[in-house]
Amino acid sequence: MRDGRLSANLLDWYDRHARDLPWRVPPDARRRGVMPDPYAVWLSEIMLQQTTVAAVKGYFHRFLARWPDVTALARAEDGAVMGEWAGLGYYARARNLLKCARVVADDLGGVFPDTLDGLRALPGIGPYTAAAIAAIAFDRPECVVDGNVERVMARLFRIETPLPAAKPEIRSRAEALTPRARPGDHAQAVMDLGATICTPKSPACGLCPWRGSCAALAAGVQSDLPARAPKKPKPVRHGIAYLGRREDGAWLVERRPERGLLGGMLGWPGGDWGEMPQEVPPVNADWRDPGVEVRHTFTHFHLRLGLRIATLPQDIQPKTGEFVTLHPGDLPTVMRKAHDLAKAALDADASG
DNA sequence: GAGTCGTGGAA
DNA sequence: TTTCCAAGACT
């Protein structure tokens, strides 16, 4: 079953072409026995879920500088972690990151589990991430199956079944390729291969260590795999955000509910987003339409967000939300877009 | 199994 | 401009 030749080819390629990443211990150092900090591996893997390496790098450095170990992160305030995560997306990851850190710090003595089951039981750690941490941080022979692995296996073995139906076969193929020796490097090698050679569009098959074994390449269908089930069109939702700035410069914001879209993040008051925009001002004031709207696309819908802006008197008592000295970088992107437009309009009002 | 949950870069 | 989709998890 196990194909030692393919595995050896891949590890040889990885020894020469491994990407240099801030959370990674390069293959030559691992050979000398150097292992990565499990905290750094965990942090990077959570950030990398559905997120590009380029987007993650800055966040990884800032988190590690601010919270150097899991105990420090566990002691952080919720709002500080959510603010530091702002802009990276999928904010349930940040909420679970903090939950996980507190379990590890409070119940596990600050030590990450080194087994698949132990890791899998922690908040925010699913099948992929548990296998990745076990393999990369602890060199356990676990099989990682992420989007890269799915694409590489679908091509290498010419699996024509569309995703997600093909997942069982893909996992079976990937497990058969996972070696007992250097499983951590193997896991990182398959993902590097998928990220740099076996890319979604126009793969660089001429540079691939598996070009001689790839069934899709032999048939010339590599760019058509993996096949995917057709996706549904995104509806358009409409909303209105109220951006009120008090005379002292504080902004009226509200903390969004823990569950759901942008859960736990700061946002602007306003009604729900739906077929029709809802006029729900958080306080009676001279709200003005700046004449511009925010357009933003989420995973499953397009948003057109109308704006209302006002300068609010110092002693005003809002029906909802609170006034804060705002750091725009603490806002999720859609809210920061609204802030930037509103600030420009309000500043123009003040100077004109 | 299917829906929810962000963002930005590339084509 | 629009679509695709990137180291998925949770419900």
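Sequence lines set the chain letters: A, B, ... in the order given, protein chains first and strands last, and positions in each chain run from 1. What you see is a predicted model; the values in this text were computed from it and never measured.
The side chain to side chain donor-acceptor pair (under 3.5 Å) test applied to A:R19 returns A:D192, not counting sequence neighbours.
Within the structure, every pair that satisfies the ring-ring contact (aromatic ring centres under 6.0 Å, His included) test and touches residues 14-33 of chain A, not counting sequence neighbours, is listed here: A:W13-A:H17, A:W23-A:F60. Within the structure, side-chain hydrogen bond (donor to acceptor under 3.5 Å, both in side chains) pairs that include any residue of residues 53-74 of chain A comprise A:R66-A:E84 (at least two apart or interchain). Sorted by first then second residue, the ring-ring contact (aromatic ring centres under 6.0 Å, His included) pairs that include residues 95-119 of chain A, not counting sequence neighbours, are A:W42-A:F112.
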N/O donor to acceptor pairs below 3.5 angstrom from side-chain atoms of residues 122-131 of chain A, sequence neighbours left out:
{"from": "A:Y128", "atom 1": "OH", "to": "A:E45", "atom 2": "OE1", "distance (Å)": "2.8"}
{"from": "A:T129", "atom 1": "OG1", "to": "A:Q49", "atom 2": "NE2", "distance (Å)": "3.0"}

Side chains of residues 230-241 of chain A: which donor-acceptor pairs under 3.5 Å do they make with residues two or more places apart or in other chains?
{"from": "A:K234", "atom 1": "NZ", "to": "A:F298", "atom 2": "O", "distance (Å)": "3.4"}
{"from": "A:K234", "atom 1": "NZ", "to": "A:T299", "atom 2": "O", "distance (Å)": "3.3"}

Solution key, residues 325-335 of chain A side-chain donor-acceptor pairs under 3.5 Å, sequence neighbours excluded:
none

Under 3.5 Å, which donor-acceptor pairs link side chains of residues 214-223 of chain A to any protein atom two or more places apart or in another chain?
none

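Of the residues in residues 149-167 of chain A, not one comes within less than 4.0 Å of DNA chain B through any heavy atom. A heavy atom lying under 4.0 Å from DNA chain B marks the following residues of residues 45-67 of chain A, by number: A:Q50, A:T51.
The backbone N or O of A:L225 lies less than 3.5 Å from a partner atom in the side chain of A:R155, making a donor-acceptor pair.
Interface limits on DNA chain B: the 5'-most and 3'-most nucleotides within less than 4.0 Å of chain A heavy atoms are B:dG3 to B:dG8.
Among the atoms of the strands shown, none is found under 4.0 Å from any heavy atom of A:G194. Across all strands, A:R295 comes closer than 4.0 Å to no nucleic acid atom at all (heavy-atom distances). Within the 4.0 angstrom heavy-atom criterion, base atoms lie near A:L88.
Here the nucleotide nearest the side chain of A:R259, chosen from C:dT11, C:dA9, C:dG8, is C:dT11. Nearest nucleotide to the A:R228 side chain, out of C:dC5, C:dC10, C:dA7: C:dC5. For A:T129, the listed nucleotide lying nearest its side chain is C:dG8; candidates were C:dG8, C:dC4, C:dA7. Of the candidates C:dC4, C:dC10, C:dA7, C:dC10 carries the atom nearest the A:R120 side chain, counting heavy atoms from C-beta on.
Of all heavy-atom pairs spanning A:F63 and A:M47, the tightest one is CD1-CE, 3.4 Å.
For the C1' atom pair drawn from B:dG9 and C:dA9, the interatomic distance equals 24 Å after rounding to whole Å.
Toward the 5′ end of DNA chain B lies the nearest nucleotide of A:L331, the other residue of the pair A:K201 and A:L331 mapping further downstream. Of the two residues near DNA chain C, A:M191 and A:L122, the one whose nearest nucleotide lies more 5' is A:M191.
Applying the 4.5 Å side-chain rule to ILVMFWY residues, one finds that A:M35 remains a lone member of its cluster.
Below the 3.5 angstrom threshold, one finds a donor paired with an acceptor across the side chain of A:R19 and the base of C:dA7.
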